[in-house]
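Single-structure report; data block below.
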2 protein chains.
Amino acid sequence: MTVPLYQAKAEFFRTLGHPVRIQVLELLQNGPLPVRDLLAEIDIEASSLSQQLAVLRKAGIVTATRESGSVVYALSAPDVAGLLASARWILTEVLAGQGELLAELRAEAGRESDAPARRGPQVRQELGAL
Amino acid sequence: MTVPLYQAKAEFFRTLGHPVRIQVLELLQNGPLPVRDLLAEIDIEASSLSQQLAVLRKAGIVTATRESGSVVYALSAPDVAGLLASARWILTEVLAGQGELLAELRAEAGRESDAPARRGPQVRQELGAL
DNA sequence: TTACGAGTTGAAGAACTCTGCAATTTGCTA
DNA sequence: TAGCAAATTGCAGAGTTCTTCAACTCGTAA
């Protein structure tokens, strides 16, 4: 391995390691949204949201396009949904027996199985197993 | 959502956000290993490795058991492999066109497809797609 | 052109994380 | 029991990341 690849991976995960950034990604799973809508959903100051959006943008995980008076964000890799599902799945295992968040995770996964599925195939599998 | 679930997720990703921790998880994908072996593979001081192992332990991602004079670590959720594969997949998309790490990512995924597969089903799918 | 709304950027301070060293614990083996 | 090797823990300093506030840019509409 000539370039430290695990470093790129670590950076990528660190990029996801913030509550606001997670919320943004989850909201964008259902399609592109203008900043205004994100702001309405995420209880946070506009400038803070902008900071976090900048982090996601610099990492190349989301893209921003200006559209008549507002900026619209979208996932640049649609499989982020798969990653979040994987994470949910692992959290379920890791927390199994720890109670707490487990019920919520299950509820969330269930809600998604009902939702119209426009996602990668591996995600369906993971959710199915849940 | 009564407990901030996105916060649990963010913490989980933050836990993965360190090169040494990623290396540990990748090494453990092939089965449990004693600290000694991890230390031999990962160029780092013993105490630093211990610190990072403690982080993974506290997050419940790995487990440690003492076995005749050494401590053996194992993944507590075997699907961590799936998560890392998901991450690789996304990195591939995100970096597509940025060159750089892309060739390495592909090489790594290829190596794994050849390897004996004792992993969750979703992982095989993801690697297949790569 | 001016003013406005929508987002972004910059900077300072607080809060966290990382590293490496020294000290400590634990269980084996003599 | 004494000594050793294997890991872990505590701690201080260096480095990052977060938050908040104020200043700024950009496009649109008057």
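Residue numbers start from 1 in every chain, and the chains themselves are labelled A, B, ... in the order their sequence lines are given, proteins ahead of strands.
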[X] side chain near [N] phosphate (N/O to OP1/OP2, under 4.0 Å):
X: Q52(A); N: dT17(D); value: no
X: R21(A); N: dC18(D); value: yes
X: H18(A); N: dT19(D); value: yes

Separation of [X] atom [atom1] from [N] atom [atom2], in whole Å?
X: I42(B); N: dA7(D); atom1: CD1; atom2: P; answer: 13 Å
X: I44(B); N: dA6(D); atom1: CD1; atom2: C1'; answer: 16 Å
X: L33(B); N: dA6(D); atom1: CG; atom2: C1'; answer: 16 Å
X: L56(A); N: dC18(D); atom1: CG; atom2: C1'; answer: 15 Å
X: E11(B); N: dC18(D); atom1: CD; atom2: P; answer: 13 Å
X: E45(B); N: dT9(D); atom1: CD; atom2: C1'; answer: 14 Å
X: F13(A); N: dT17(C); atom1: CZ; atom2: P; answer: 18 Å

Between [X] and [Y], which heavy-atom pair has the shortest distance, and what is it?
X: R88(B); Y: K9(A); answer: NH1-NZ, 3.4 Å
X: P32(B); Y: V72(B); answer: CB-CG1, 3.7 Å
X: D79(A); Y: I90(B); answer: O-CD1, 3.5 Å

Between Y73(A) and L56(A), does a side-chain contact (heavy atoms from CB on, under 4.5 Å) hold up when you go through it step by step?
CA-CA 10 Å; Y73(A) 278 84; L56(A) 292 172; over 6 Å; no

So if you build clusters from Ile, Leu, Val, Met, Phe, Trp, Tyr with side-chain heavy-atom gaps below 4.5 Å, do L39(A) and V55(A) land together?
no

Could you go through nucleotides 3-10 of chain C and list every protein N or O atom that sits under 3.5 Å from one of its N or O atoms, giving the distance for each pair?
{"unit_1": "dG7(C)", "atom_1": "OP1", "unit_2": "R36(A)", "atom_2": "N", "d": "3.3"}
{"unit_1": "dT8(C)", "atom_1": "OP1", "unit_2": "Y73(A)", "atom_2": "OH", "d": "2.7"}
{"unit_1": "dT8(C)", "atom_1": "OP2", "unit_2": "S50(A)", "atom_2": "OG", "d": "2.5"}
{"unit_1": "dT8(C)", "atom_1": "O5'", "unit_2": "S50(A)", "atom_2": "OG", "d": "3.2"}
{"unit_1": "dG10(C)", "atom_1": "O6", "unit_2": "Q51(A)", "atom_2": "NE2", "d": "3.1"}

Between S68(A) and R14(A), just flag the one whose closest nucleotide in DNA chain D comes earlier from the 5' side.
R14(A)

Considering only heavy atoms from C-beta outward, does the side chain of P34(A) approach that of D37(A) to under 4.5 Å?
yes

side-chain contact (heavy atoms from CB on, under 4.5 Å) test vs V24(B) passes for just one of L33(B), I42(B), L75(B), namely I42(B)

